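Input: a single structure, listed below in structure tokens.
All ligand and atom numbering here is 1-based and tracks the order in the structure. As the structure is a computational prediction, the values presented were derived from the model and not from experiment.
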Amino acid sequence: MSDGQFEVGVTGLQAGHRPDACTLVIFGASGDLTQRELVPAVYELFRQDLLPDAFAVVGFSRSNWSDDAFRERMRVAARTECDFDAASWRQFQERVFYVPGDFTATADYERLKHRVTTIAGAQGCGGNQLFHLAAPPDFFGAIVEGLSASGLARDTRGWRRVVIEKPFGRDLASGRALDARIRGVFREDQIYRIDHFLGKETVQNMLVVRFANPSFEPIWNRNYIDHVQITVGEDIGIGTRAAFYERTGVVRDMVQNHLLQLLCMTAIEPPVRFDGNALRDETVKVLDAVQPLDLARDCVRGQYGPGTTDGAQAAGYRQEANVADDSTTATFAAVKLTVDNWRWAGVPFYLRTGKRLARKLTEVVIHFKPTPHLMFRTPRDRLHANVLAFRLQPDEGIIQTFAAKQPGPGLSIHSVRSSFLYASAFGIDTMPRAYAWLEEDAMRGDQTHFARSDWIERAWTIVDPLTAHWETDRPADFPNYAAGTWGPAAADALLARDGRAWTVI
Ligand code: BG6
């Protein structure tokens with residue numbers, strides 16, 4: 001293959017073709033993400049026969065482990081995380097290796113290069129290499145430079161791609177600086193900025209529902225839609241991630257990426273074709289139309305205090321291991337924003353997310369306007385307006401509500417639901433792992449479901465004023481919601497002020 005061929009076909013969806021033989025190198029292999037998501041994702045692809053015939057996984061991180069010690073840890077993780085069977089794992093682990101090393105030590109990259117070349121030769125993986133950066137974000141720049149200095153990044157004998165975890169920087173300036181370092185080594189078509197929400201079946205399905213069905217598009221605008229609510233609620237706390245979370249907080253962890261991507265999937269204009277650039281051009285335009293946040297009026301922050309989740313006592317954020325007693329890190333955010341373009345002018349989008357909320361629930365709910373005239377003598381406030389809810393997780397599906405006549409004498413109107421559930425429609429109990437699809441996309445060279453640098457820059461531009469404001473204006477009322485509730489009262493007031501309320505469908 002010539003070099004030129006590695007540059008084409010990287011932005012389109014090439015469904016169905018199996019990835020080229022390749023070696024996946026995971027930086028940060030001893031970390032939580034590798035155990036919880038990355039290795040289970042690759043193992044699931046292996047079990048479904050979606051990997052190339054020749055492939056290898058090489059973990060790289062500081063822990064001084066042997067291949068066998070790494071395999072054993074990954075086996076234990078896979079048993080908890082996946083549909084596991086010992087026979088397929090044995091076959092899989094023969095292609096799993098480990099190299100201990102320091103992300104900043106030149107000599108360690110030389111060793112890594114030597115080992116990757118030997119493994120790729122023995123396994124028949126050829127020269128293609130995918131580098132997944134799951135290390136702490138502060139090392140991303142050093143890692144790509146290590147790859148460059150050692151010659152590992154050179155793509156003369158096969159393609160090179162780099163997958164980078166979020167958050168991509170801490171703000172616009174650091175995001176740009178990181179981008180410059182990465183682009184000093186890799187071209188944009190080699191860079192895969194991952195947001196695992198874009199790998200979720202239910203998120204990808206939002207596009208299919210809107211653009212493969214003629215019935216939604218005519219009503220998908222300000223004439224018919226009253227407002228949109230996006231909720232990403234989690235019942236878990238921060239677990240063992242205090243060091244990361246204290247530096248990151250809810251806006252950088254969730255809003256700047258996952259929630260803004262869900263906003264884009266809802267508000268996007270029809271792309272001319274389903275390929276990476278056409279789709280991503282449109283998502284950038286959505287963010288371009290988002291108006292600056294009114295920080296005092298339209299943004300609510302929160303931090304959980306002690307409470308009860310799932311019937312058990314839960315500690316407050318400040319009592320979590322390695323969190324300061326007086327931490328002002330926000331674990332909850334609710335914002336109202338507007339997308340000022342022809343389609344959405346005047347339609348508020350309310351976004352909320354938090355840790356230790358009442359339950360795990362990710363939902364995009366479209367609230368339609370009421371009928372222009374109601375001929376029935378039912379009081380209007382007893383009629384619920386129609387909603388269309390994309391239930392992204394759990395109990396994945398789509399639920400629509402509408403008014404119906406209650407059988408019986410006279411006329412009594414009730415709100416009823418019709419539902420599509422993945423479990424019954426497709427017979428799926430457990431949804432495919434988002435990381436599996438994205439890892440496979442990266443191996444196939446498909447950037448459609450990865451964030452482009454211009455999108456990331458706009459996302460930082462939207463949230464930077466908010467994080468800066470919250471960091472300088474210390475909250476006086478933290479903790480302001482009990483674990484196991486839907487967040488601070490101010491989040492309810494944000495909607496109540498507009499005559500609305502948060503809905504859980
Ligand atoms: C990650 C965040 O990106 O997404 C975590 O860092 C969060 O804090 C997680 O818990 C939520 O993902 P999911 O797929 O469980 O909704």
Side-chain angles (χ1 to χ4, degrees), residues 28 31-38 40-41 44 80-82 132-138 140 163-170 192-206 230-263 265 301-304 309-310 314 317 320 322-323 327 329-333 351-364 390-396 422 430-439 449-451 456 459 463 467 483 487 504:
D32 186 54
L33 186 70
T34 303
Q35 303 194 25
R36 253 187 328 104
E37 293 286 358
L38 305 188
E44 280 182 7
T80 1
E81 295 293 338
C82 316
H132 194 127
L133 274 48
D138 288 349
F140 290 167
V163 178
I164 301 184
E165 286 293 331
K166 57 156 264 285
F168 195 88
R170 291 184 54 74
Y192 290 68
R193 298 174 194 82
I194 200 165
D195 180 321
H196 77 282
F197 270 46
L198 295 182
K200 289 182 190 281
E201 285 285 351
T202 48
V203 174
Q204 297 185 1
N205 189 43
M206 291 176 73
I230 300 179
T231 294
V232 182
E234 297 188 87
D235 52 356
I236 53 168
I238 53 150
T240 54
R241 299 167 77 216
F244 164 81
Y245 203 84
E246 276 286 89
R247 270 177 56 72
T248 310
V250 67
V251 175
R252 293 188 182 96
D253 188 37
M254 300 294 290
V255 180
Q256 188 266 352
N257 31 74
H258 304 326
L259 276 94
L260 289 182
Q261 289 288 5
L262 294 181
L263 169 78
M265 291 299 117
R301 61 181 148 173
Q303 186 192 73
Y304 61 88
T309 47
D310 263 341
Y317 180 70
E320 302 277 16
N322 301 320
V323 171
S327 168
T329 304
T331 60
F332 174 96
L351 280 49
R352 68 173 167 168
T353 182
K355 299 278 185 211
R356 284 275 185 243
L357 295 187
R359 55 186 263 223
K360 181 166 179 73
L361 178 75
T362 303
E363 214 168 54
V364 174
F390 292 89
R391 175 90 61 68
L392 305 180
Q393 61 186 20
D395 305 324
E396 292 81 1
Y422 281 78
T430 317
M431 296 298 278
R433 191 176 285 271
Y435 266 100
W437 286 171
L438 294 174
E439 214 69 58
H449 299 298
F450 292 84
I456 304 254
V463 304
T467 48
V504 170

Is the shortest side-chain N to carboxylate O distance from Glu81 to Arg36 below 4.0 Å?
no

So is Thr362 in contact with ligand 1, going by heavy-atom distances below 4.0 Å?
no

Examine distances only and state if a side-chain atom of Thr231 and a backbone atom of Gly233 form a donor-acceptor pair shorter than 3.5 Å.
no

In terms of its nearest heavy atom to atom 14 (O) of ligand 1, the top option of Met254, Gln393, Lys200 is Lys200

Ligand 1 contact by Tyr245, heavy-atom criterion under 4.0 angstrom
no

Quick check on contacts: which atoms of ligand 1 are under 4.0 angstrom from a heavy atom of Phe197?
12 (O), 16 (O)

Counting from 1, what ligand 1 atoms have a heavy atom of Lys355 closer than 4.0 Å?
5 (C), 7 (C), 8 (O), 10 (O)

Does the side chain of Tyr192 come under 3.5 Å of the side chain of Glu439 through a donor N or O and an acceptor N or O?
no

Is it the case that over 12 heavy atoms from other parts of the model lie below 6.0 angstrom from the CG atom of Asp32?
yes

Hey, are Lys166 and Asp253 close enough for a salt bridge, meaning a charged N less than 4.0 Å from a carboxylate O?
yes

For atom 5 (C) of ligand 1, what is the closest protein heavy atom, and at what distance to 0.1 Å?
Arg241 NH1, 3.4 Å

Closest approach of any protein heavy atom to atom 6 (O) of ligand 1, naming residue and atom:
Asp253 OD1, 2.6 Å

Does one side chain, of Thr202 or Gln393, offer a donor that lies under 3.5 Å from an acceptor on the other?
no

Under 4.0 Å to a heavy atom of His258 - the qualifying atoms of ligand 1, by number:
1 (C), 3 (O), 4 (O)

Atom 15 (O) of ligand 1 [closest protein heavy-atom partner, distance rounded to 0.1 Å]
Lys360 NZ, 3.0 Å

Hey, which atoms in ligand 1 end up nearer than 4.0 Å to a heavy atom of Glu234?
7 (C), 10 (O), 11 (C)

Atom 12 (O) of ligand 1: closest protein heavy atom, distance to 0.1 Å, is His196 NE2, 3.1 Å

Using the six-membered ring wherever Trp is involved, compare the ring planes of His196 and His258 and label them parallel, tilted or perpendicular (cut-offs 30° and 60°).
perpendicular

Calculate, to the nearest 0.5 Å, the distance between atoms CZ and CD belonging to Arg356 and Glu320 respectively.
6.0 Å

